[in-house]
Number of protein chains: 2
Amino acid sequence: MEIRRQDIHSSDVPVVCKACEARHGGVCAALSPDQLLELSKHSTRQRLEAGTEVIGQGETVTNYSNIIRGVVKLTKVMADGRQQIVGLQFAPDFIGRPFLTESAIAAEAATDSEICNFSRGVLDRLVKNAPELEHKLHRQALKELDEARDWMLTLGRKSAQEKVASFLYLIATHIDPESVDTSSFDLPLSRADIADFLGLTIETVSRQFTKLRKENVIHIENNRHVTIPDMDRLMRYAGND
Amino acid sequence: MEIRRQDIHSSDVPVVCKACEARHGGVCAALSPDQLLELSKHSTRQRLEAGTEVIGQGETVTNYSNIIRGVVKLTKVMADGRQQIVGLQFAPDFIGRPFLTESAIAAEAATDSEICNFSRGVLDRLVKNAPELEHKLHRQALKELDEARDWMLTLGRKSAQEKVASFLYLIATHIDPESVDTSSFDLPLSRADIADFLGLTIETVSRQFTKLRKENVIHIENNRHVTIPDMDRLMRYAGND
DNA sequence: CGCAGGTTTGAGGTAGATCAATGTCAGTGG
DNA sequence: CCACTGACATTGATCTACCTCAAACCTGCG
């Protein structure tokens, strides 16, 4: 009896998915074993070096993806080259824009990453027969919408100092959701990326980092590793009271 | 036969909904007549004067709404009073955040408006049994996400002039989707609201308006009525080429 | 007429951009 | 082991787009 119950959860689950770190967190969690099998037949794992493009702005969407490991940035560029990061995705987030054939944004690995690609057609077909799957995608879309609107406040109304502090707080709370100690981490973005995320220049970002360091709000090692001695203090610097 | 077929579409549809301008455009379009009846039993029409709050930031969500007429602005405020408009909703858009009990944003009528309120519980129940309804809400969420990300680029990377031009272009293309001539319209927002939408001050917005007027990109009457002689020219000013 | 709310205009200040130089560090090759 | 390179980051000096503060200007309305 005990054994049988366990069977229900793990038997028939495709081998590739069984070992998948995102199996229980991403959209796959909404699928039954046979739906998962169907999807896994048309999916491939892929390692991405930092800087690799997943999809380009204006390109036709042929694949959706799940992030298994790493951080992916979503960007928009203007004709003259000005760039804005409009979202950061962490494992086990879903990447893709259902119901549209052309991508309005580019997606690029910010760190070395691993993703699971599956063809658009197969997922679109599964969505029709699995309301729970659409529900999951709907929730993810709403989560991203909340985050986007939070960031609009940051972009439109905060000072450079508050922007940088807000960024650090965002990373601290998202980089490793499992970890108890969120006060020490590696930044997934270069100074140039951070500038594109905050609507600032590299120089301004750098100056605010040194300012925060001198005021002991953060400690920095090797330009990338950050430690936050007092998270509440950082939050106050971010203007989140 | 001809008559019967027509019956399928209009009979049994609640009287209040039959005359509703949003009947075919909003989420209601996804409902069968009896589902519509169920929903309409718990819904009330409401007229809103400009400035009336639909829901406040941090309040508990008890209602969802459909906009029947007018423009509703979605705002976020910081503790010290700084404000950012994070979205504009036009008829027949849906207002509400499914699956969360507390609203992270405030919604306020920007113009005199009319909305249809229905209780959260009833809609949540309907969603469970009508996949087509969740699909509709999902699409709306994705549309809002696309718009939010477009605006992030505007907030983060555009100059004041480009921001104001982008705003005018947005209004021109959204205020009256039925109309063929989108080149003449009343602004649904005051200068203060426009400033809060663009992350600028009132004064800067005003100066950019007069600049655009002097360069004949726009004509203005009574501070509110705008005419756009050349929409492509405006788009170039907005940095959208 | 006079007042009030919204808008425009002006003068001056400043946060952040721009331009340019310098610093840091991991490779790479002598 | 140490010079050389290239990518990235910091720092400094100057400039400017936008903000701030203040006054004037509508336009409806009692």
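Every chain is numbered from 1, with letters handed out A, B, ... down the list of sequences.
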Specify the residues of residues 72-84 of chain B, ordered by number, for which at least one heavy atom lies under 4.0 angstrom from an atom of DNA chain C. none

Looking at B/Ala107 and B/Leu74, what are the two nearest heavy atoms and their distance? CB-CD2, 3.8 Å

Excluding sequence neighbours, so at least two apart, what forms ring pair (Phe, Tyr, Trp, His ring centres under 6.0 Å) with B/Phe185? none

Could you pull out the protein-nucleic contacts involving nucleotides 21-28 of chain C (nitrogen or oxygen on both sides, under 3.5 Å)?
none

Taking atom OH of A/Tyr169 as the centre, does the number of heavy atoms from other residues, nucleotides or ligands within less than 6.0 Å exceed 12? no

Atom CD1 in B/Ile218, atom CG in B/Leu234: separation rounded to 0.5 Å? 8.0 Å

Assess whether a salt bridge exists between B/Arg157 and A/Asp196, defined as any Lys/Arg side-chain N lying under 4.0 Å from an Asp/Glu carboxylate O. yes

Using a 4.0 Å heavy-atom cut-off, write out nucleotides 12-20 of chain C from 5' to 3' as B (base contacted by protein), S (sugar-phosphate only) or - (no contact). ----SSBBB

Checking B/Lys136 now: which residues fulfil side-chain contact (heavy atoms from CB on, under 4.5 Å) with it, not counting sequence neighbours? B/Val27, B/Ala29, B/Ala30

Value in whole Å for how far the C1' atom of D/dA7 lies from CZ of A/Arg224: 12 Å

List in chain and number order the residues that pass ring pair (Phe, Tyr, Trp, His ring centres under 6.0 Å) with A/Tyr237, two or more places apart in sequence or in another chain; answer none if no residue qualifies. none

note: A/Arg213, atom CZ; D/dT11, atom C1'; distance rounded to Å ~ 11 Å

Please state whether the phosphate of C/dT9, meaning OP1 or OP2, lies under 4.0 angstrom from any side-chain nitrogen or oxygen of B/Thr210. yes

Just by distance, do the side chain of A/Asp146 and the backbone of A/Ala148 share a donor-acceptor pair under 3.5 Å? no

Salt-bridge test for B/Asp241 and B/Arg236: reply yes if a basic N is under 4.0 Å from a carboxylate O, no otherwise. no

Any donor-acceptor N/O pair, A/Glu162 side chain to A/Ser159 backbone, under 3.5 Å: yes

Pair A/Lys76 + B/Asp150, salt bridge at N-O below 4.0 Å: yes

Distance, rounded to the nearest Å, where B/Arg191 contributes CZ and D/dC26 contributes P: 15 Å

Would you mind reading off the distance between B/Leu198 atom CG and D/dC19 atom P, rounded to a whole angstrom? 10 Å

